[in-house]
Structures are given as C-alpha cells and as structure tokens.
Amino acid sequence: MDRRTVLKGGAIVAGSVVGAALPVINPLGARAGRDYDTPKSKNVDRVVRTTCSPNCTGSCGQIAFVRDGKIVKIQQAADYPDTVYNPRGCMKGLSYANHIYGKDRILAPLIRTGERGSGEFREATWDEALDEMASRLRRIGEAWGWDSIHLFDQVPGSGYVQKGSNYRAGAALGMIHGTSFDFNGDLPMGMPITFGVQNAEHEAKDWANSRFLLLIGSNPVETRIPDIHFIFDAIEAGAKLVVVDPNYSPTATKADLWLPIRPGTDAALALAMANHILVADLADLDFMRRYSDAPLLVRMDTGKRLREADLVADGATDRFVAWDETTGTTVIVGTDKLGAPGGRAALEGRFTITLAGGSTVEATPGFALVRAELDSWTPERAAGICELSAEDIVKVARAYATTKPAAILMGGGSNHWYHGDLTGRALALLASLTGNVGRSGGGFSVYVGQYKVRVNTAPWYNIGEQAEIKAKIVPSVYFAHGRTETMHPEVPYPEHGWHGLVCSFANLFVQGMDLNHFHETLAKLDLIVVIDHQRTHTVEWADIVLPATTWYEKTDLTATPLHPYLQLQQAAIDPVGKSRSELSIWREVIRRIDPAIADAWFAMDEDDAIRAILDAGGGPGGPTEGITLEQLREGPVRLRVHDPDIAFWDQIENLTPFPPRSLPAPLEKTAAFIPTRRIEFYKEDDRFIELGEAVPTYKPPFDDTVHDPADWPLTLLSPHSKWRIHSSYANNPWLTEIHGERPTVQMHPDDAAARGIATDDTVEVFNTRGSLEAWAHVTPGSRRGAATLYEGWWPRQFRKGKGVNELTSSAINPIHEIHNLANMWAPSTGWKDCRVEVRKAGD
Amino acid sequence: MADGINPIDALPPASRAYGEIGPHSDRPRWGMVVDEERCIGCWSCAVICKSENDIPLGNWWNRILTDGEALDTPAEQNGALEMHWLPLACQHCENAPCVKVCPVGATYHRDDGIVMMDTDRCIGCRYCMIACPYGVRVFNWGAAELPVPFDHGMVDARPVGTVEKCTMCVHRLADSQVPSCVWSCPAEARIFGDLNDPESRPNRLIRDREGYALLEDLGTKPNVHYLPPRRKAQL
Amino acid sequence: MSAGAVPASATTPSRGRISRGLVLWVLCLGAVIATGLAAWIYQLSHGLIVTGLRNTVMWGQYILFFMFFVGLSAGGLIVASAGRLFGVRIFKPIARLAVLEATVAIILAATFVLPDLGRPDRVLNILLHANFTSPMVWDISIVFVYMALSAIYVWLYTRADLARAGSPLAFGTKDTEASRARDERLKSRLAWVALPSAILLHSITAWIFGLQISRGFWYSAIMAPMFISSALVSGLALVILLALVLRHFGRVTFRDELVAFLGGMLGVFVAVEAFFVFSEILTASYPGAPTEADPIHRLLTGPYAPLFWFEAVVGLLIPFGILAVRHFRTNVRWVATASVIAVVGIFVHRLNLILNGLSYVPIGMPPGVSIGAPQGAVPSFAEVYWYVPTIVEWLVVIGILGIGALIFTIAVLVLPLQEPEDH
C-alpha cells in the first residue's frame, strides 16, 4: 500500500481556498488509511531464528521478521523442545530493533579529532581505522610489551565465537585478556570456596519442582523475566515463596513472606537459620557426613586438616581423616569417592590423635568448628543485626528445613558485597544442612552474570596445534585500579603496566566501579579502541571507534546457565552501515600486524569456529556429543546434560568427588580450591584463618570502615533494573517512554522528610569517592537507611555526574586472591558495599 | 503489498505450534484472561503490541497499570505494603460504549465479538475515546514518530487523524495464532480462547479463580477477564 | 440612546450606509478569518498534534466553543419563540435580533466542530454511514434542523420588510397584508416546532456528555436541564448585550423597560442554573462514591476550585444579586454588566465541564494513559493532563468567531432588524 498524503481529504475541505497549495505545504508524507480488519499479517521476505544474548544471561531464542531487508519485528521463537521454556524473552529483546536502527547506532569507523572524552571524531574508512589501530597496537607492543594491552569485553559467555575472537587475538599477539564475571562482582566467591566450582546452578525449569523458594537478594521478577513463570508454576503447585530484600521489590510483592533485611547482613540471617535448624534438630547430618568436610578432622594446633601423611610416614597429603564413633578409631577418607566415612563419623567432640612421629595432637571434626560458630548466631542476635524479628527468622528456618525440596536463589543483592563470599558460604551451609544440594527442586543457585562456558572453547579461544597457546588473563579490576599488595603472585600483571585498551561491547567507562579513580587510569593509556554498535559514553573516550554488528547481523554460538540449550545467532540482515563483526575486525587488524599469524589463525570463519567447538566437546559424554551445526541452524539443541540440569547432581547421585568441571578451566585448577574434594565449610588456608573466616561467619559491610555510618547514614543500593541490562537498553525509546529518562533515587518517606526531599526533587548523592545529581523518588517500598539507584543509566541521563559508579567501591577482598584463576577464584567486586549521603541539589 | 511470504507460514514448525489457538467452538467469541498473580509488570505484551502493530511513539494500545502509588511503586495501607499490576488494553466489550457512540459506525463488532476499528471510515471525532471507560483508545495526532526509520510490524499503519486500539491481533487470528501479547507474555499471564466454549481454558480459569471483569458494574460486558491476585499463604 | 422615535433606517435594509469604521471592522474580520483559516490549514497539514489536545484530554477548545455556541443559540430562539408562543409581546422589538443571533450562533457552533475532526475530509461519512445510536448523530441532526428553523425564522421575521424594500432576499415575495398574515401564521406554527427543537438541541448536546458512563462528572440526568438553563442564561444575556450594542448603533430601538424585563428574566434563569448546579453537586458528593465525588472535590477544593468558584460567585451569585434588586435591574448599565459576567460564567462552567470531565484519565492508576506523543525525558503517560490550548487553536477559534461577527455584521447591514411597533 503506497503512502499518500495524510489529509488528502483535508485538501478537499480546504481546497476551495488553498487549491493546490496544500500538498506542497503538507510535510507529513504520512500514513495511508485502510480498514485494519485485514485478513492476514503483512508479508515478509523471510524469518530468521536467532538468539538474543545480551549480558542478562537469558539466551532467549528470537525470530527476526525481515521485510525489504530490514527487521520489522522481533518476537520470541518459543520453539524449545522442552515446551516449558516457551516463550522465553522479555520486552528488551522484543524492542532490540530500536537499537539496530536507532539514533545511537554507530555506522562508520571514527577517529578522534578532539580531546579525549570530547566526543569529537571524524569518520574514517575501514582501511584508515584498521591501519591506525594496527600500527598503534604494534607501537605499544614493541615499546612496552604486548601484555601491556588489555582486552575487555562483556561478556564472553554470551557469544563464544565473536567474543572468543578477543581471546584468540590475545593468544595470537600476547595481549592480556581481562575478565568480566569477577570484575562485575557476579562471581559468587562462596561457590569456589565451598564447592570448588566457578558457579553451578539448577536450570530454571527446576524452580517449578521446588516446594519452598527462598529468594535472597534476588529479584527475578525484574531480572529473570523469561524464567519467572517457573516460580509461579511452583506456587500454583503449592510452593511457598519467601523473599529477603531490603526493599519491597517487585519480587517481594509476590512473596508469602517478605523479610525487609538491613542491607549487607544476609549472612547473619543465614547463620541464624542454620542455628535454629541445628537447635531444633532439623538438620540432615548424614548428608553432611556423606558429601561435606563435616567429619574431617582439623588439628587444633595448626588449624589445618589432619591428613593421612600426619598419621603414617608414607601417607598421602590428599587423604584426610575422620573419627569413627562406632569403632573409636580414625578412618582415612580418600578423595576418589564421596560417602560417609566409617560406620558413623563423629561430627562433634575432640579426639586425641597419635601422629606418625608418635606425638599426639588434639583434633576435632570440621563440623564442630562450624557448629561452634553457629552456636553464637542465635535468631535473637541475628534479628538485631538484620533488623528483623527473631520469630520470622525461626519461622523461615523451620519452613525451609521441613519443606522438601527447598531451593535457595541468591541474587546480586546478596553477592555484590565485599563479604558476599561469606553470605554465599552461609547459604551453601543451609542448603547442605537440609540435604537440598544436588536435588531437583532444591539447591543453592546464583544466576547473576553470564559466565557459563558450556562447550569446549579451547580450539577457538586458543591457538597452536594442540590449542595450547592461550591468552594470558588478568582480572580487570587490576587493570582498572592497579595491583594490590595481596595480589596473587601468579597473576600475569604486565611488567610495564597498562598502555592500551581494546574494549568491545562494554560500557566500561560508565559501568566500572569507583569511576573517578578509574578515569585516572584511563587517562594514562596511550590507546583506547572501542568496538561497539552504539555510541555509549565509553565510545566518547575512544581514540578509535570501530562499528560492530549486532547479533542480528552476525553468526555466533551461545548458551546460558539458565537453560541447557545450545543456540546459534544467525544473521537476519546485512550489517547496518559499515559495521563488521569482531572476528572480521580482528582478522583485519592482525593481518596488518603479522600476515602470517592472520593466515594461520584467523582464516577460519564463524562456521569453522562453531564446528571446531562442537567437535572438541563432541566426544563420548562430551557436552556437544552428536550436535551438529546443521541441527543448530534449525533451532535450539539441548546439550548432553542430565535432565533436569541440576548442580552437583552427579556428586550426590554417583558420589563423584567435588567439584564438577568448570569449563574452560581444567578440573585440577578448580579442584585445588577444595583439597578434600568435598563440600568445604572449613577452610584451612592461612588467609582464611588469619582473617577469621575459616568457617562461615558474618562480617559487617566493608565500606563501613571507609564511610563511618554515623556520617554516611545511607547504604546506596544499585540493583539491576528490569528496563535495562546494565547500561544496555537505557536509550531504548519504547522502554524510556514507559519509565522516563530520569535516574531516580528511591528513598523511604522518613529519610526523605528528614532531608526535606520530595518526589521529583533534584538530589545530590555523594560520598568521598564522587557525587551525582538525579531525581528523588520517595516510596514506602524503600527501606529506611537505604537509597536505591538502579544502575545502568547513561551519564547524559543524569543531571550531573558520571553515574552511580562514581560512588561504588573497588575494594578487593584478599580472600579472593588466595588462588589465581580468572573468573573462578578472583577478586569479585562489591557494588552494594557503598555508603552515601543524599541532599537536595542546588540549581 | 510486497511479494513475500506470510510471516505465520514462515515460522519454524515448533514456533507455529506454540502459537496455535487450539480447539474452539464453531462460532467462537474470542476472549482473554489476564492473571494478576502472574503479571510482573514487564510490559513485554505492551512492547510486542507496539512492534506488531506499528504503533508510533507516544501511543500505546496496551499498557500495564501499577496498582500502587506510582509506576512500579507500592502503596502503603495500614502499615502493609502492596502492589499489583493490571495490564490494560481494549476490553472488547459486548456492550461497547465506543460502538454505540461512533457517529459513522467506524468502530463495530465482528461476529467473533472483537471490537474493530475501520480507520478508513473514522472521521476522527474522538467520541469513542470519550465514551471508553477504560481509556484504551488512542488517536493519531500527527505524523508518526517511530524509533526506526521505517514502518515496522505486521499490519499497515493507520492514517493520521483517526482513532485506533487493540484489535486482538485479528490478522493473526486469521491464521489460528494467538494475539501477539499472549504469545509474548513471559510470565504466561495471558490466556486466550473461546468464551463461547464453556470448557475453554479462559472459562475454566474464570470459574476456578473467581475471575472478574474490569468496571463490571458499568455493564460493558468485556471479553477480557482478570484473575485476582492470590491470598498469601502462611508459613 | 433612549428609546423613542424609530429611525427610518432601522426598519429597512441599510445598503449604502458604509462608514469608514465599518470598512475597517470588516477588514479586521477578514484578517482574523484569513489567519484562522491559515491556522486550520496548518493544523490540517500537521494533524491535531498542533493542538494542546492529546489522548488524555481529547476534546478541548473547539468542543468547548461548540457547546458554548449551541447554548447561545438555543437561548436566542427560546426568547424569540417563547415570546410568540406565550404571547409575551414585550420581546417583539428584539425578536428579530434574537433569531438572527440564534442563527449565527448555531452556524458557528456547527463550524466549531469541523476543526475538531481529525478527518474533516470524511465529514460526509456522517450522512453516508450515520450510526443512529450515537448522540453525536442526533446532535448533528438537531443542529441542522435548528439551523434551518432559525434561518427560516429570520426570513419570516424580515421577509415583508425585505420585500417592501425590494431586496432579492425576499425571493420575489411581496409585502401584502395576506403575506404578512401568512408570515404570522407560519411563525406561530413554527414556534411549536422551534421551541421543542431548541430544548432538544440543548438536551441532545448535553446527552453527548451526560450519557457517558465513562465520565463520572458527566453521567447525570441533570445534564440536559442544566444545559437548557445555562443556554437560557448565556443566550438571553447575549441577546441583551447585542440589543444594547445595536441600539447604540441605531439598528434597533426599544425601551429601557424591556431591558429591565429581560434582566429580571435573566435573573430567574441564573437562579435556576444555580439551583441545578447546587443540586448536581449535592447529589454527586453526598454518597461519597469516588467516581462521582472525586470530580466534585476537584471542583470545590481541588485544582478547578478557582474556576468553579469564579463560576459560582461571579457567574451566578453576583448576576443574581444584581438582577434581583429592582434598583439595579432597571439600570441598563447594571443589566449589561450582569449579562457580561453571566455569559463569562457560563463559559467558565463549560470550561470546567470539559476540563474536569477529561483531565483525570479513566482507571486512574499509574502511569495512566499514553499521551499520544513522546514527551522527551519523562514518560509518555499521564494520569492527569493539564490541557492548554495552543496558539493554533486560538487562531482557529478567533477566526471562526470572526466569521460569526462578519455574518452578523452583514446581516445587520442587509436585514431590517427593527420590528415595527405594533400596527
């Protein structure tokens, strides 16, 4: 239907007066009329099945409807063979075309002409931009070493091929790849500490099998939109829902009981629940004997575990010792298989053990040490710290322990703290004490962050005949804020410091923590290259900007922690503007630096890469066994995992020692986190003991030591918004039409009144690290003593300042530096560990 | 209309099966049930509606009201906080005030109960917008502002100067596919079906879950029904 | 100017009496009309986006003036036909003026609808596809019936004089005793149609609003009586004012007693109007049911309180006070003052009707209704919308008022408005 002038009829009415003038002055060029009771949808050229895979972790199948070479609609594919997963998707994915064709899309390479950060660029040809990038990278590489170039992207797990090309380029040239899972604070350090894994969770559909859901610091109504129905499915089947959140979050609205906890005290709640479970004799102690380090004896003199080598001269150091109450003797516990040691292993008591040399030592089961700590965490004590009622804590503890299966979902609200690891450990303890680990409908899961590598990426991430050459990795917090005294000595921190940054698909200069400090680092860099599809604030700071294709314009392979389907991203349209994929960009950059490397390692295209990945994981029992690229082109294919995919299922069912492998790391790397190869609640490393964290405990928020609560009375919470995925979608016109483009600081009416603040007032939020100005939103749903500013707004949307991360902390917990395994045991940052004050802003 | 292929026909078989309306009576009266317990206020239904129907910026056929103080903000009553969401689009009333008042019959009932708009006949008097007690009709005030530089969606754009609203995606019903909002609701809060069939899912839910219609006392007899939020359980 | 001898010019058409002031006046009107037309063309080419109207308040200035002028017109004809029906001869000197005023007002009322339409090019659809359940169709019908009746009335009143003066507007009829008698007969018979038409016109216009259960403020049986009473107030007040103006220009003559009589009548109408307003407010607010009471609270103490209390005090109380007192009623200036503020009061009453009826969207939960245009940094939704007419709307409205003034001016010039004293 052609587009006639809007008011042809208007012309008729006015015709006698203005005659032919109207069509000339009518600028609408507008929409034709019709009876829209049409029989059918308008035709399209084609539909393309692809996968929405931003940094939400959702990995939702989408269908792009293409007409005249343009995407005219994006809708959930809803084609998962396991139909409970349909439709999968949310309003952000559905409105993504607004970014593909939006005002902020970068259409051509840009080279900076003005000051850094001025946003002044000139358009360049690809040749020009690539030549410039290649020559400047080479200059840095030759002058300072290639390891002084930091590659940063968000987030590798969301696209194995394109994001993997960054790793591959790092491997090829010796550049350092950064991290995101730990940098983003999403790495739940309680997991590697307790279970020896990077993270492990139940696939989302297993929520529906639960009869009791404890959501702590987790707001899936806003942040797990595609999966939230599983919680409603569980409720409809009779499950109870308890939500622990300082604010009356949208998830709390659905809860049977909401516990408005004081921010940063979740561990105390968990410890008190564990206390009550033990006191009320509701614990599954056999589970603890069978799967955890509870029965393993700890020497009272050193605080280290008693090993076989302690008892006999030729004993092994990786075999441990328990006390069999039935025989009154020690029993050796190997690491080859789980199971309860001896007849009945002691969990309490002190035993005098004769060592190999003949001397004796006092030893006690690890669990006794855990219990000793728990005994001090009475519900009354926790109630005071958490500002909850002891009755509620007991009520929840009892319900959690007596309703099986019961699941714990821990969110960023609990994890994004300096001591988030302690919270994770305490919750893991709860799940283990009640025997919920490894059980369908149970478990302790953390879904924050797209970390999960479900396939064998080695042949793509790495180069070399045996894929043995890997990019060196340095946790990006050391890039942003420099090294710490306690940094693990094996971290390959560049000898000459950082000189270059290639940042792709990341709004690093807004979404990094402690921005004012971070920008000092950035100012010292010789080269900043940004590869992205939208003109984010980070782009404004680049020297060279390369326009990248969106996932509707390129091919990739993706998976998620939330469901075990492997999926393709398939190009639905030609690249918009002059944009190119990351792989093709690297291929061209490396060709300019060293054609031989390019020919050897960058001749592969996306399909080759996917085939290599599928093959590598395709052996018997491998995750991609029998899965072909052709199958994936048709739709999602379930990886070869147990159904339902449950964390530690194999350990609990088959007594396979912990940990399951965390791809892509070799098993021995993560197994080193838990030498007992059991669930570890007692940590014997020196630093744990020195810091008083050998057993799960509670410590007050770290930022209280930086910002005295007496002077900085408000805790600033910066949760994930449903309207954005971090800073993505902050500029989506459909979404901003709904909620506006004004960052709001939510405050309780009492806190607001004390400061003379009303809704829509402009307010300044500040601490010693920075200051911003936004708009107040006074709501009874906000907790007293907390201010909430959903993260991810763009600086241009604030009244003043760079955004919430001017205020956030980059403090690193030395516990996270005990081992060095990027994204797995590495410094996990604490966004919520942040105290501020709020006052009315001036004009 | 350009050549090409019907987008429903082009769907992967599994997708198409997902969207099938399913069994219904010979003379269906299409209706919908919206579960307030399941609604999470994500606006996916509203966004896909914009996308599907090429609705310009500033206009929404479908929106999610917050039963609270402000958008996504609870209200405090007797010391207790409460918040629910109420998705709202055309209720497709059997006794539709808009149909009554339209001076030119541009808004009318189809045999299947859907209240339709003929934007080729509409004179743009906006009386129907006055008459609608649900406030679900919108007007094309000026040239369409779109977030992308072309017309999107699966239906033609409507002319400036006319009123438009939810059509229950009649263009999809023609291919036995549920409306797009039903398809896209991630919380599965929208259930579509034949209200003339006493055993249809919507009818069963209305019976089992004390379904109600909005502004029932006005006698508009909507074909859209709501399931109230559940009572909270005791631990 | 005092009543007394009738100037000969007043009973005859006034061709040839074109003063410089008149030329200037007509030129001014021409400019106003041209500007209004240009504004409308601008609106046509851009759409109603150039108005202050949106999905939230979808009717505004144009509909406000439509109903205001419907009111003015009904008032005029009621004066004329009531005078005839009930034999109130005292109206006679201004009867022609009244029917002329009614005619012009109803033409204007109908005209005001046109720019309100999104698709004026399709206005004929109302004939082609009329939907008779729509009060708007009833209203358009009655508007045209009423317009025709008014025009016929004007002609019947002036025909004999026109014929006598040889005007082509007499359409070839002669001024004879028989024809005059026939005029009188027709006028009398027509009155039996005209008065009910006038009442119906106003009732139906009221029902456009009053039948809408969607709008708590409007949904009331008193709407039609109140529209009639407010029409009587504004219509009569305008007739008084026009009569005084035209007497000033020597186009009509009447005695001051007539002004006092009309003033007294106006006082009664004002009292009736006030009674209806009070009754409505009491009925709506007494039960305290939100749909009805909320709009009343907004009126009494809320955002519309200034307008409402202006209407109540300045528009009703003060005119009644003036007109109830014989001393003031017999003073032309006081009656004129009361008339002016009564007209303004009715205008404000109707303004309140529109604003209070529409500003608060139905199902008032956040974020409300999509406004109809993107709003920049703030959401495109509103629960409450403060409608302010744009310059385009003002220019269009003023242009249409200009058309009315022009028609009236021409009519005053070409029609014999002065009824000869009883023969």
Side-chain angles (χ1 to χ4, degrees), chain A residues 1 6-7 28 30-47 49 63 65 67 70 72-73 75-79 86-87 89-91 94-95 97-98 101-102 221 225-226 228-229 232 240 248 250 253 256-257 395-396 399 635 722 733-734 737-739 779-781, chain B residues 1-8 10-12 14-15 18 38 40-44 47-48 50-52 57 69 71-74 76 81 83 116-120 143-144 147-150 152-161 167 170-172 174-175 180 183-184 186-188 232-233 235:
Chain A
M1 182 165 291
V6 54
L7 292 176
L28 289 183
R31 322 177 106 202
R34 63 172 194 89
D35 179 353
Y36 67 165
D37 190 357
T38 45
K40 296 270 188 171
S41 307
K42 273 170 86 174
N43 279 1
V44 294
D45 302 340
R46 61 184 179 275
V47 306
R49 203 281 179 194
I63 288 178
F65 296 78
R67 185 185 301 130
K70 298 188 174 71
V72 293
K73 184 175 93 163
Q75 192 162 27
Q76 299 104 314
D79 60 350
N86 298 325
C90 74
M91 71 294 193
L94 302 180
S95 57
N98 296 349
Y101 304 106
V221 161
I225 290 171
I228 190 65
H229 69 91
F232 298 133
K240 307 267 172 64
Y248 187 66
T253 68
D256 294 303
L257 181 67
K395 192 159 57 167
V396 173
K722 72 175 166 187
W734 285 346
E737 266 199 23
I738 301 168
H739 67 95
T779 158
Chain B
M1 164 111 21
D3 297 337
I5 154 169
N6 178 320
I8 308 288
L11 287 175
S15 302
Y18 165 79
R38 279 182 176 258
I40 55 167
C42 73
W43 291 67
S44 295
V47 162
I48 197 65
K50 279 200 98 139
S51 175
E52 176 83 34
L57 293 177
E69 259 184 21
L71 180 77
D72 299 337
T73 306
E76 191 164 17
L81 294 167
M83 174 165 73
M116 273 306 297
M117 267 301 300
D118 180 346
T119 51
D120 272 350
V148 294
F150 50 86
H152 53 79
M154 293 300 146
V155 297
D156 281 319
R158 280 72 54 196
V160 173
T167 68
V170 286
H171 57 286
R172 295 172 57 86
D175 284 310
S180 252
W183 177 298
S184 284
E188 298 170 11
K232 305 295 189 192
L235 284 191

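Numbers restart at 1 for each chain; the letters A, B, ... are given by sequence-line order, proteins then strands. No hydrogens, no waters, no symmetry mates; every other heavy atom, side chains included, goes into these values.
Contacts with chain B were tallied for A:G635, A:A78, A:A77, A:A399; A:A78 has the most, counting heavy-atom pairs under 4.5 Å. Options A:E737, A:K240, A:K70 differ in how many heavy-atom pairs under 4.5 Å they form with chain B, and the most are formed by A:E737. Residue with the most contacts toward chain A among B:E188, B:K232, B:R38: B:R38 (heavy-atom pairs, distance under 4.5 Å).
Between the A:R46 side chain and the B:A10 main chain, no donor and acceptor come within less than 3.5 Å of each other. Here the side chain of B:Y18 pairs no donor or acceptor atom with the backbone of A:N86 at under 3.5 angstrom. A donor-acceptor pair under 3.5 Å is absent between the side-chain atoms of A:D79 and the main chain of B:A14, judged by distance alone.
Interface remark: A:I738 contributes backbone and side-chain atoms alike to the contact with chain B (heavy atom separation under 4.5 Å). For chain B, the nearby part of A:I228 is the side chain; its heavy atoms alone come within less than 4.5 Å. Looking at A:P226, only its backbone comes within 4.5 Å of chain B, counting heavy atoms on both sides. Using a 4.5 Å cut-off between heavy atoms, B:E76 contacts chain A through both its backbone and its side chain.
A distance of 12.0 Å separates OG1 of B:T73 from OH of A:Y248, quoted to the nearest 0.5 Å. From B:I48, atom CD1 reaches atom CD of A:Q76 across 6.5 Å, with rounding to the nearest 0.5 Å. Taking OG from B:S15 and CD1 from A:I63, the interatomic distance works out to 3.5 Å, rounded to the nearest 0.5 Å. Between B:M154 atom CE and A:K42 atom NZ the span is 9.0 Å, to the nearest 0.5 Å. Within the model, atoms OG of B:S44 and CD1 of A:I225 stand 6.0 Å from one another, a figure rounded to the nearest 0.5 Å.
Side-chain contact between B:P74 and A:T253 is absent, with no heavy atoms from C-beta onward closer than 4.5 Å. Residues A:P250 and B:I40 have side chains not in contact (no heavy-atom distance under 4.5 Å, counting atoms from C-beta outward). Between A:V396 and B:L235 the shortest side-chain heavy-atom distance falls below 4.5 Å.
The shortest heavy-atom contact between B:P186 and A:G89 is CB-O, 3.3 Å. Smallest separation of non-hydrogen atoms from A:Y101 and B:V148: CB-CG1, 3.7 Å. Shown here for A:K40 and B:A174, the closest heavy-atom pair between the two residues is NZ-O, 4.3 Å. Scanning all heavy atoms of the two residues, the minimum distance from A:Q75 to B:S184 falls at NE2-OG, 3.0 Å.
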Exercise for review: Let me see the working for B:I5 and A:N43 under side chain to side chain contact (heavy atoms under 4.5 Å, CB included), right down to the final yes or no.
Suggested key: CA-CA 5 Å; B:I5 154 169; A:N43 279 1; 5.6 Å; no

Check your understanding: So B:S180 and A:K73, side chain to side chain contact (heavy atoms under 4.5 Å, CB included) or not? Walk me through it.
Key -> CA-CA 11 Å; B:S180 252; A:K73 184 175 93 163; 3.7 Å; yes

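With sequence neighbours excluded, the residues forming a side-chain hydrogen bond (donor to acceptor under 3.5 Å, both in side chains) with B:D72 are A:K722, B:W85, listed by chain and number. Under the rule for a side-chain contact (heavy atoms from CB on, under 4.5 Å), the partners of B:P147 that lie at least two apart in sequence or sit in another chain are A:N98, A:P733, A:W734, B:L57, B:H152.
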